[in-house]
Amino acid sequence: MPASIAMGPEGLRVPDEPIVPFIEGDGTGPDIWAAAVRVFDTAVEQAYGGRRRLAWKEVLAGEKAFHETGDWLPPATLEAFREHLVGIKGPLTTPVGGGIRSLNVAVRQVLDLYACVRPVRWYRGVPSPVRHPERVDMVIFRENTEDVYSGMELEAGSPGVRRLLDFLRDEFGWEIRPDSGVGLKPISETGTRRLVRAALRYALDQGRRSVTLVHKGNIMKFTEGAFRTWGYRVAEEEFGDRTVAWEDCGGEPGDRLPVKDAIADAFLQQVLTRPEEHDVIATMNLNGDYLSDALAAQVGGIGIAPGGNINYETGHAVFEATHGTAPRYAGQDRVNPGSVILSGVMLLRYLGWAEAAAGIEAALEATIASGVVTYDFARLTEGATEVGTSAFASAVIERL
């Protein structure tokens, strides 16, 4: 019988037939979802011989929701994610000129999904613009609720921004050009600690090699600099017996997990020139956005990049395609379903269904390595066999 996932003292309690809400997405979303769900269901069936299955529950958001309900993000959708804890979504259109700045950001903030987790690694056969994409194997933990993405902005010339500029001039002596728009960049100790805590726990549990705090604290000392300070403090106070600051160990951490930090602009060079030196990354919202896409480009692009938005305290998680809706390809059965497929791999691992997850990942890599790919990879791969979205999913299923 289908049942909800629950959060207990020891973590998630996952029934054999968990109810999993899904949003198929806008634009190419329906094509991608139809392909990916066949892969998920087949992998689970093969891994567990029918003892387990995913009970999918469609919920609405984006254009489909607006057409059917008049609401871009219906309350029932958020309630379904709250009740069933774990879900997955395709790409969503952000409405222009009205109410919600971003549907993706709204889901993250309403459910307090504070950690955006993006594993980035190369799969055999994927075309890459760099010489050694195989050296990239990182997991990014991006703080999801604060920073300049918090939406606290005032438009240039508005009454609100004029009042704020007057206050800042009178109170702090800050002379800001009167034709400026102004936004706030909140970085809290609470938000930093729980994000870095999640990254450290993941690194320790998964046997990863290091954690790097990425920041621009040399310039923004009381926001990004504070992130660095608080991050090191979490490592020392909560994981001091298992971690060590890189600068304290002279490059010899022994059996402890080294924790280091890097300035954001320098780090963007390092991930190109020596990516093997970094493993788990903890950073703030805007830095994490840039880094996620830059690293994804090194291993094949965001079309094959998975992501998950997670609250490790409540258990809530929404896994998602990290690319856009590509409306001009909608309904053409053409685009790469890899991002949603690999996001489903993350979902299965989050549930503890590692066997099904590993099966999908191995089958997807074998499919690409054999030269059976969608148009985005085919145009960059000599001798490739170009297939559509559904045929690619069928090829993955054949290799499960």
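Please read these numbers as outputs of a predicted model, since none were measured by experiment. In this chain, residues are counted from 1 in sequence order.
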Measure up the [X] and [Y] rings against each other and bin them: parallel (under 30°), tilted (30 to 60°), perpendicular (over 60°).
X      : Y      : value
Phe22  : Trp56  : perpendicular
Phe267 : His278 : perpendicular
Tyr312 : Tyr350 : perpendicular

Checking [X] side chain against [Y] main chain: does a donor-acceptor pair fall under 3.5 Å?
X      : Y      : answer
Thr42  : Val39  : no
Asp26  : Glu63  : yes
Gln332 : Arg328 : yes
Ser339 : Thr322 : yes
Arg399 : Ala395 : yes
Trp353 : Ala357 : no

Over 12 non-hydrogen atoms of neighbours within 6.0 angstrom of [atom1] in [X]:
X      : atom1 : answer
Glu58  : CD    : yes
Glu155 : CD    : no
Phe222 : CZ    : no
Tyr329 : OH    : yes

Taking atom [atom1] of [X] and atom [atom2] of [Y], what is their separation to the nearest 0.5 Å?
X      : Y      : atom1 : atom2 : answer
Ser210 : Arg256 : OG    : CZ    : 15.0 Å
Phe392 : Ile368 : CZ    : CD1   : 4.5 Å
Leu268 : Asp265 : CG    : CG    : 7.5 Å

Could you check whether [X] pairs with [Y] (Lys NZ or Arg NE/NH1/NH2 to Asp/Glu carboxylate O, under 4.0 Å)?
X      : Y      : answer
Arg51  : Asp16  : no
Arg233 : Glu238 : no
Asp112 : Arg82  : no
Asp376 : Arg334 : no
Glu237 : Arg193 : yes
Arg53  : Glu17  : yes
Arg169 : Asp166 : yes
Asp137 : Arg208 : yes

For this session: List in chain and number order the residues that pass side-chain contact (heavy atoms from CB on, under 4.5 Å) with Glu68, two or more places apart in sequence or in another chain; answer none if no residue qualifies.
Result: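 For Glu68, the residues satisfying side-chain contact (heavy atoms from CB on, under 4.5 Å) (neighbours in sequence not counted) are Leu60, Lys64.
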Would you say [Y] ends up clustered with [X] if hydrophobic residues are merged whenever their side chains have heavy atoms under 4.5 Å apart, either directly or through other cluster members?
X      : Y      : value
Ile302 : Val318 : no
Val244 : Phe239 : no
Phe319 : Leu111 : no

Exercise. Does the salt bridge (charged side-chain N to carboxylate O under 4.0 Å, His left out) test come out yes or no for Arg108 and Glu143, once each step is laid out?
Worked result: CA-CA 11 Å; Arg108 296 167 191 165; Glu143 205 291 319; over 6 Å; no
Is there a donor-acceptor contact under 3.5 Å linking the side chains of [X] and [Y]?
X      : Y      : answer
Tyr123 : Glu361 : yes
Tyr114 : Glu146 : no
Asn287 : His215 : no

Exercise. Cluster partners of Leu380, using ILVMFWY side-chain heavy atoms under 4.5 angstrom, listed by chain and number?
Worked result: none
For this session: Give me the one residue out of Arg209, Arg135, Arg121 that meets salt bridge (charged side-chain N to carboxylate O under 4.0 Å, His left out) with Asp279.
Result: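 Result for salt bridge (charged side-chain N to carboxylate O under 4.0 Å, His left out) with Asp279: Arg209.
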Exercise. How about His84 and Val20: do any of their side-chain heavy atoms sit closer than 4.5 Å?
Worked result: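 Contact flag for His84/Val20 side chains = no.
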Problem set entry | Side chain proximity check, Arg228 to Tyr232, heavy atoms < 4.5 angstrom | yes
For this session: Decide yes or no on salt bridge (charged side-chain N to carboxylate O under 4.0 Å, His left out) for Lys185 and Glu224, but give the supporting numbers first.
Result: CA-CA 10 Å; Lys185 180 187 176 70; Glu224 303 216 2; 2.9 Å; yes
